[in-house]
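Quick notes on the structure that follows.
Order of listing sets the numbers, starting from 1, for every ligand and every atom in it.
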Amino acid sequence: MVNSPYDILFEPVKIGPKVTKNRFYQVPHCNGMGHRWPKSMAEMRGIKAEGGWGVVCTEECEIHPSSDLSSSTLMRLWDDSDIPTHALMVEKVQEHGALAGLQMAHNGFCASNRFSRIPQLAPTARATRYDDPMQARGMDKQDIKNLRQWYKNAAKRAITAGYDILYVYAGHNLTILMHFLASRYNQRTDEYGGSLKNRARLIREILEDTKEIAGDKAAVAFRFAVDELMGVDGIRCEEEGREIVELLADLPDLWDVNISNWDNDSLTSRFGQEGHQEPYIDFVKKITKKPVVGVGRFTSPDAMVSQIRRGVLDLIGAARPSIADPFLPRKIELGKLDEIRECIGCNICTSGDLLGVPIRCTQNPTMGEEWRKGWHPEKVAPAGSTDNILIVGGGPAGLECALTLSNRGYDVTIAEKEMTTGGRLNLEAKLPGLAAWRRVIDYRSYMLSQKANVNIYLDSELGADDIMDFGFQHVMIATGSQWRIDGVGRENNFPITIHDVDVYSPEQIMAGSIPKGPVLIFDDDHYYMANTLAEMLHDKGIEVIYVTSSDKIASWTENTLEQSKIQSNIINRDIRLIRNHFVIKARNGQFTLKCTYTGRERIVEAQSFLPVTSRKPNDALYNDMMSKQDDFAAKGIKSVTCIGDSYSPSTIAAAVYHGHLAARQLDEKKDLWTDFKRENTSKIMAKF
Ligand code: ADP
Ligand code: SF4
């Protein structure tokens with residue numbers, strides 16, 4: 001690269017005894033694979049290193065069984081037997097010239113210890129983070145000595161595994177070091193409690209211990225949340241957050257700074273923009289002489305350069321941008337900026353960890369599948385034939401399928417009935433806060449526009465007879481889905497009685513219809529649709545009554561770290577909220593609701609009804625095609641496949657994944673849904 005404005009991003013940076021080749025730093029991030037699926041984890045990290053990240057870190061690593069995070073799956077360094085799983089990751093990362101970092105962690109009363117059954121530890125005896133009926137014990141001096149020793153043991157093992165960077169982690173209020181620091185958790189009266197200096201004593205000791213063990217073999221990073229966004233109740237960047245940085249200024253080799261808790265750190269695009277942490281963390285570099293890394297869902301190289309030039313950061317930290325595009329640094333280096341698959345900030349990735357399964361990503365369908373399916377984000381098997389493919393429907397599934405097929409070298413034609421591609425996202429990206437979701441379409445549309453082997457026909461609604469006569473060898477049906485307006489969903493198995501009530505579908509509201517208020521929104525979906533519509537209608541002056549069959553609004557968004565923010569949005573708008581109820585009848589402005597617990601009924605009055613319950617697949621075209629199966633051979637049709645929401649309505653991530661899978665499936669003998677590698681099982685069983 002000659003005199004690129006982005007050259008500065010490719011400068012090496014010294015971190016203690018190590019040097020990173022560039023400023024692209026994949027900060028620690030969970031992935032749901034960890035100690036249970038270490039080969040999967042190692043392969044995924046290795047691909048990031050291949051994609052150009054100068055530093056690639058693990059997720060949290062439990063340093064001891066008293067910090068057991070079951071049923072989430074993180075890394076473990078409980079004893080020497082864990083070292084090989086780490087060595088594997090280190091090898092994969094260093095193979096590409098990147099530094100490997102380990103996030104050592106003890107989670108104190110925020111560990112579940114459900115597997116190890118050890119009572120949790122806390123600076124002062126207290127309730128645990130989980131709802132489990134148990135308490136954390138207040139640590140005595142011996143416990144503190146033990147904790148220091150566990151950190152030392154883990155650091156020694158990490159050095160043996162070959163790590164370049166060892167983390168001392170107080171990045172979120174989930175870690176024991178943060179618990180000692182925060183006066184609300186630490187009510188000790190000894191030298192580890194009271195003044196800030198005392199509360200920071202354990203951090204200093206562990207930093208010093210770790211540095212001693214690391215010597216010149218590894219750098220020591222300190223990950224610290226400078227602000228908890230809790231006002232006077234928590235650590236604030238202008239007060240204690242700053243004082244800690246002053247106190248420990250040049251002790252660590254690297255400051256990795258962020259804001260707490262995880263939902264603020266990994267803020268979704270619905271609630272914050274790229275670079276949103278800057279006002280909190282920008283003071284750090286003015287205090288320390290050591291390099292500083294921070295995050296902010298950075299996908300724009302200009303924003304990255306600006307962070308460096310303005311002296312905010314030395315290293316561009318990224319978790320989600322590196323998940324959405326493991327090759328982001330390489331693309332910047334090659335000047336292929338339009339080819340960056342930008343993170344949309346939806347946090348589908350965090351759902352893997354929170355649900356105890358491998359990570360997945362809306363933008364990058366290969367994420368989590370690197371080892372078990374052998375999927376690479378930038379490489380795909382060449383076409384096995386010169387067959388032509390027709391894709392009906394240009395939503396997320398159709399576009400991803402087309403792009404992957406075209407990358408394989410197939411000639412692809414997309415027929416889309418609307419005047420534009422984008423499918424459901426044309427409407428959904430207009431919902432409050434979801435504009436960045438449009439990137440799913442923008443990235444694919446741009447990439448397809450560069451392809452000589454792709455034709456897109458808009459305003460082209462196809463029927464089965466058209467398709468039969470076109471002469472394509474393979475047909476992918478990606479015709480999407482529609483929200484139901486008959487109340488059928490989780491609670492109602494059959495259409496409910498609806499008489500003399502104006503009923504609206506989410507699509508109609510998204511397209512601009514304004515219902516007469518009060519409008520009763522029935523959320524049986526528990527994700528983003530009902531609550532974004534409620535916010536939108538309320539903000540247009542329509543009275544909204546929000547009925548949900550769940551205990552909480554948008555309960556599934558616990559997995560995207562958004563639930564409390566969404567519920568706050570509804571509460572702050574004073575929207576009338578009825579939980580644990582579902583609609584069983586809507587007649588003449590009177591809605592009959594039933595309690596999900598007691599079955600007791602009650603009447604609520606409203607003018608209009610907006611059910612957000614479930615979606616029907618648009619599978620009529622596929623079914624029509626399959627009814628003509630006997631004629632396929634005569635027409636030269638070799639396969640017809642239904643993909644995305646028209647196969648089974650789900651998340652956008654699932655539609656993209658299915659589109660990608662279907663494209664790889666073509667002329668592949670294995671069933672790509674079911675036929676994948678599983679870790680260790682056969683070896684373990686062979687011993688018995
Ligand atoms: P998915 O998420 O599975 O991609 P979407 O609903 O987002 O589903 O997209 C489906 C797309 O298919 C929409 O853009 C829709 O206009 C288009 N479509 C539906 N039926 C037809 C058809 N018969 N011919 C062409 N395009 C269609
Ligand atoms: Fe970004 Fe969403 Fe992918 Fe997470 S799942 S990396 S937030 S696009």
Side-chain angles (χ1 to χ4, degrees), residues 29-31 266-270 274 297-299 318-326 328 341-353 359-368 377 390-402 413-429 434 436-437 439-441 443-444 456-467 475-483 507 559-562 615-622 624-625 642-660 662:
H29 73 75
C30 64
N31 55 84
S266 291
L267 193 67
T268 58
S269 55
R270 184 169 169 185
E274 181 169 352
R297 209 164 10 85
F298 294 116
T299 57
R320 291 171 295 173
S322 75
I323 294 167
D325 197 340
L328 186 149
R341 209 168 31 242
E342 289 184 292
C343 168
I344 69 166
C346 63
N347 278 8
I348 284 291
C349 48
T350 64
S351 72
D353 173 61
I359 189 169
R360 62 222 47 209
C361 168
T362 301
Q363 276 285 55
N364 175 9
T366 67
M367 179 47 54
L390 171 67
I391 297 177
V392 188
L399 293 183
E400 173 62 25
C401 189
T413 297
I414 301 175
E416 165 55 53
K417 79 170 175 185
E418 301 294 339
M419 295 299 289
T420 170
T421 55
R424 57 190 279 193
L425 273 166
N426 286 322
L427 291 175
E428 292 186 24
L434 302 192
W437 289 25
R439 292 172 170 185
V440 172
I441 299 306
Y443 162 73
R444 287 168 179 81
I456 302 180
Y457 295 94
L458 301 174
D459 198 15
S460 302
E461 180 167 8
L462 298 188
D465 291 338
D466 307 318
I467 298 172
V475 182
M476 304 283 184
I477 310 275
T479 44
S481 63
Q482 271 179 319
W483 285 96
E507 288 94 347
N559 301 308
T560 59
L561 309 175
E562 293 173 296
R615 287 180 282 152
K616 265 190 182 159
N618 294 333
D619 53 8
L621 179 60
Y622 175 71
D624 279 358
M625 284 299 293
C642 188
I643 60 173
D645 290 334
S646 51
Y647 182 72
S648 182
S650 183
T651 57
I652 295 161
V656 170
Y657 182 78
H658 197 183
H660 189 84

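Between the side chain of Glu416 and the main chain of Glu418, a donor-acceptor pair closer than 3.5 Å is present. Within the 3.5 Å criterion, the main-chain N or O of Trp483 finds a donor-acceptor partner in the side chain of Glu507.
Put simply, the side chain of Leu390 reaches to within 4.5 Å of the side chain of Leu462, judged on heavy atoms. Annotation: side chain of Glu428 is in contact with side chain of Ile652 (closest heavy-atom distance under 4.5 Å). Residues Ile414 and Leu399 are in side-chain contact: their nearest non-hydrogen atoms beyond the backbone lie under 4.5 Å apart.
Protein N/O/S atoms closer to atom 1 (Fe) of ligand 2 than 2.8 Å number 1 in this structure.
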Between ligand 1 and the protein, give all atom pairs where both partners are nitrogen or oxygen and the distance is under 3.5 Å, as lines of names plus distance to 0.1 Å.
unit_1	atom_1	unit_2	atom_2	d
ligand 1	2 (O)	Asp645	OD2	2.8
ligand 1	3 (O)	Asp645	N	2.8
ligand 1	4 (O)	Pro396	N	3.1
ligand 1	4 (O)	Ala397	N	2.8
ligand 1	7 (O)	Arg424	N	2.7
ligand 1	12 (O)	Ala478	O	3.3
ligand 1	14 (O)	Glu416	OE1	2.6
ligand 1	14 (O)	Glu416	OE2	3.1
ligand 1	16 (O)	Glu416	OE2	2.6
ligand 1	23 (N)	Leu462	O	3.0
ligand 1	24 (N)	Leu462	N	3.1
ligand 1	26 (N)	Lys417	N	3.1

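In terms of the side-chain hydrogen bond (donor to acceptor under 3.5 Å, both in side chains) criterion, residue partners of Glu342 (sequence neighbours excluded) are, by chain and number, Thr299. Taking the ring pair (Phe, Tyr, Trp, His ring centres under 6.0 Å) definition, one finds that Tyr647 meets it with His658, sequence neighbours left out.
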**OP:** Kindly indicate, with the supporting measurements, whether the criterion side-chain contact (heavy atoms from CB on, under 4.5 Å) is fulfilled by Thr651 and Thr362.
**Re:** CA-CA 8 Å; Thr651 57; Thr362 301; over 6 Å; no
**OP:** Show your reasoning for whether side chain to side chain donor-acceptor pair (under 3.5 Å) applies to Gln363 and Arg444.
**Re:** CA-CA 10 Å; Gln363 276 285 55; Arg444 287 168 179 81; 2.7 Å; yes
